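Only a predicted model underlies this, so the values are computations on that prediction, with no experimental measurement involved. Numbers for residues simply follow the sequence, beginning at 1.
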Amino acid sequence: MACWKEIRSSSWIYPTLVLCVYGFFSMMRPSEPFLTPYLTGPDKNLTIDEVTNQVFPVWTYSYLVLLFPVFLITDYMRYKPIIILQGLSFIITWLMLLFAQGVLAMQLMEFFYGMVTATEVAYYAYIYSVVSADHYQKVTSYCRSITLVATTVAAVLGQLLVSLAELSYFYLNAISLASLSLAFLASFFLPMPKKSMFFHKDRIPETPQGTMGQETMSNAPSINKQPSYQEDKDAVKSSVISRTLPECQSDKHQRHMLVQLCKDLKECYCTKKLLYWSLWWALATAGYNQIVNYIQVLWDNRAPSQNYHVYNGAVEAAATFLSSVTSMAVGYVKINWDVSGELALGIFSALDAGSLFLMHFTANIWACYASYLVFKSCYMLLITIATFQIAVNLSMERYALMFGFNNFVALVIQTIITVVVVDSRGLGLKIVTQFLIYGSYFAVIAGIFLIRSIYTTVSIKCKKETRNFSNRPQNIKEQGSETRL
């Protein structure tokens, strides 16, 4: 009991603990690696074309529509209400997965899942508003690690239940719903933050001119002060003004914050280094989200779940583990990323392109599984480097702003790809052909950054030679003066 009181009284342990509990149960979804087999199986009885071309695209569209307003509302409402909204959206999504039928119902389910992903920013931003800067690194590692652990445990559990216990996909979704319900309950125990990054910053309140003097005079003994009707009217008037003033100041502050956000965003992208890293971030994240969204459809095409054993859970667990290892390895690699960063982006993007081409050309499910492991590990390695390179030169507020805007641009690109390539109102290509397009897309990204890295290397070499050449006449003069002496 005493230990619990100590945790509650701590400034950072209690909110971090509750947020980690929420993060664990919200990511503990053993049914997720088996979503496509569930939708195309006897429970929902949808065709693979309906899932690919009509159901899954709705998630991209809803995510795009909701992301920007949710980003601003999250900060304005100070995170906790949005985390609760995410928990509620999770429950609605899985209730519809369990009990709703038909294409239209599954499209509505994807809309609510778009709400889930749009509100995800609240989970990662909340903790910075309730703990001091001294604990940022520690709490960030806890909150991110717990989601990776939960994802891995859920994938392994799902695979074991499917392979060994031969549990129905319906009951996997029921287990996911139970876990998400616990996460929803945990969200109510989060303390309400008193500040946020943009709209509710800690700032010294401005005192209207003359107020201090008026308060001093009112507290001092008055001489020849007699009550009158006019003084009562003035008192009522001043009270009305005092109530109106904070509201006006609040509206003015909000408008000022929006203008300042635009200025900060413009200044961030004026730096060439940040611009190129952000360009890769947006392009690669758009492709990555598209692959993750449709990879199960490709697996089902290569090895239909009705005829083959499905190992989606084991592959997702292995991919998450390898991604964690590669992300951690970045911290131990001593490389000048300012010089070699663009080359790394080009090389690993080329590996991503190669793995996607292999998924297109091979009919072997195990080769598809292995290619996915390579693809996800390379992306997670590069996104970790990009995150560090962008964050190292920015304040927390500007980093959050660039993070949100980069993801928004990525989502716009992903939406364009979905409309053209996937949606039945566009080309509506088969899943195998789609992966040929995605491989070509990453090949273009690799080409851009390989060319850029060659240009950067040559420029550095030329500058060095020019500097050496300009220093040579000065060295000759110095040698001549020494000879004369």
Query raised in the report: Any idea how Phe90 and Trp94 line up, ring-wise: parallel (<30°), tilted (30 to 60°), or perpendicular (>60°)?
Result: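 Answer is tilted, since the angle falls between 30° and 60°.
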
Query raised in the report: When the ring planes of Phe408 and Phe68 are compared, do they come out parallel, tilted or perpendicular, using 30° and 60° as the limits?
Result: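 Rings of Phe408 and Phe68: tilted, as their planes differ by 30° to 60°.
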
What are the two closest heavy atoms between [X] and [Y], and how far apart are they?
{"X": "Tyr14", "Y": "Phe189", "result": "OH-O, 2.9 Å"}
{"X": "Gly439", "Y": "Leu356", "result": "CA-CB, 3.7 Å"}
{"X": "Thr36", "Y": "Asp300", "result": "CG2-CB, 4.2 Å"}
{"X": "Ala186", "Y": "Val18", "result": "O-CG1, 3.4 Å"}
{"X": "Ala286", "Y": "Ala410", "result": "CB-O, 3.2 Å"}
{"X": "Gly313", "Y": "Ala155", "result": "O-CB, 3.2 Å"}

Query raised in the report: Which of these, Tyr372, Trp366, Tyr369, sits in a ring-ring contact (aromatic ring centres under 6.0 Å, His included) with Tyr311?
Result: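 Between Tyr311 and the candidates, ring-ring contact (aromatic ring centres under 6.0 Å, His included) is satisfied uniquely by Trp366.
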
Requested in this report: Decide if the gap between the ring center of Tyr379 and the ring center of Phe348 is smaller than 6.0 angstrom.
Outcome: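 When the ring centroids of Tyr379 and Phe348 are compared, they turn out to be at least 6.0 Å apart.
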
Query raised in the report: Do the two ring centres, one from Tyr63 and one from Trp59, sit under 6.0 Å apart?
Result: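 Yes: the rings meet the under 6.0 Å criterion.
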
What distance do [X] atom [atom1] and [Y] atom [atom2] have between them, rounded to the nearest 0.5 Å?
{"X": "Asn407", "Y": "Glu120", "atom1": "CG", "atom2": "CD", "value": "9.5 Å"}
{"X": "Asn173", "Y": "Leu180", "atom1": "CG", "atom2": "CG", "value": "10.0 Å"}
{"X": "Met28", "Y": "Thr151", "atom1": "CE", "atom2": "OG1", "value": "10.0 Å"}
{"X": "Phe111", "Y": "Met106", "atom1": "CZ", "atom2": "CE", "value": "15.0 Å"}
{"X": "Cys368", "Y": "Arg302", "atom1": "SG", "atom2": "CZ", "value": "5.5 Å"}
{"X": "Ile291", "Y": "Ser371", "atom1": "CD1", "atom2": "OG", "value": "11.0 Å"}

Report yes or no: does [X] contribute a side-chain atom to a donor-acceptor pair with the main-chain N or O of [Y] at less than 3.5 Å?
{"X": "Glu110", "Y": "Ser62", "result": "no"}
{"X": "Ser278", "Y": "Leu275", "result": "no"}
{"X": "Tyr441", "Y": "Leu283", "result": "yes"}
{"X": "Thr117", "Y": "Tyr113", "result": "yes"}
{"X": "Ser355", "Y": "Asp352", "result": "yes"}
{"X": "Tyr126", "Y": "Ile82", "result": "no"}
{"X": "Lys80", "Y": "Leu190", "result": "yes"}
{"X": "Gln101", "Y": "Asp43", "result": "yes"}
{"X": "Gln296", "Y": "Pro33", "result": "yes"}

Query raised in the report: Can you list the steps and then say if Phe25 with Phe184 is a ring-ring contact (aromatic ring centres under 6.0 Å, His included)?
Result: CA-CA 9 Å; Phe25 286 110; Phe184 180 60; over 10 Å; no

Hey, does [Y] have a side-chain heavy atom less than 4.5 Å from the side chain of [X]?
{"X": "Val121", "Y": "Phe71", "result": "yes"}
{"X": "Ile385", "Y": "Trp277", "result": "yes"}
{"X": "Met192", "Y": "Pro81", "result": "yes"}
{"X": "Leu39", "Y": "Leu97", "result": "yes"}
{"X": "Thr285", "Y": "Asn406", "result": "no"}
{"X": "Val51", "Y": "Thr47", "result": "no"}
{"X": "Ser89", "Y": "Thr119", "result": "no"}
{"X": "Leu104", "Y": "Gln107", "result": "yes"}

Taking atom types as modelled, is there a side-chain donor on [X] or [Y] under 3.5 Å from an acceptor on the other?
{"X": "Ser31", "Y": "Ser176", "result": "yes"}
{"X": "Asp423", "Y": "Thr418", "result": "no"}
{"X": "Tyr22", "Y": "Gln86", "result": "yes"}
{"X": "Tyr438", "Y": "Gln434", "result": "yes"}

Report task. Inspect the contact between Glu50 and Lys44 and indicate whether a charged nitrogen and a carboxylate oxygen are less than 4.0 angstrom apart. Result ->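 Not counted as a salt bridge, because no side-chain N and carboxylate O are separated by less than 4.0 Å.
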
Requested in this report: Kindly indicate, with the supporting measurements, whether the criterion side-chain hydrogen bond (donor to acceptor under 3.5 Å, both in side chains) is fulfilled by Thr387 and Trp281.
Outcome: CA-CA 9 Å; Thr387 302; Trp281 182 319; over 6 Å; no

**Report entry** Derivation of the side chain to side chain contact (heavy atoms under 4.5 Å, CB included) call for Met27 and Arg29
**Finding:** CA-CA 6 Å; Met27 298 301 291; Arg29 308 192 296 263; 3.8 Å; yes

Report task. Report the C-alpha separation of Leu172 and Ser168 in whole Å, then their side-chain angles, then the decisive distance to 0.1 Å, and conclude whether the side chain to side chain contact (heavy atoms under 4.5 Å, CB included) test is met. Result -> CA-CA 7 Å; Leu172 279 185; Ser168 165; over 6 Å; no

Query raised in the report: What's the verdict on side chain to side chain contact (heavy atoms under 4.5 Å, CB included) for Leu382 and Leu345, showing C-alpha distance, side-chain angles and the deciding distance?
Result: CA-CA 7 Å; Leu382 292 179; Leu345 293 178; 4.0 Å; yes

**Report entry** Intermediate values then yes/no, side chain to side chain contact (heavy atoms under 4.5 Å, CB included), Asn289 and Asn293
**Finding:** CA-CA 6 Å; Asn289 287 340; Asn293 202 25; over 6 Å; no

Query raised in the report: Pick one: which of Ile413, Val412, Val419 meets side chain to side chain contact (heavy atoms under 4.5 Å, CB included) with Ile416?
Result: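 Looking at Ile413, Val412, Val419, the match for Ile416 under the side chain to side chain contact (heavy atoms under 4.5 Å, CB included) is Val412.
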
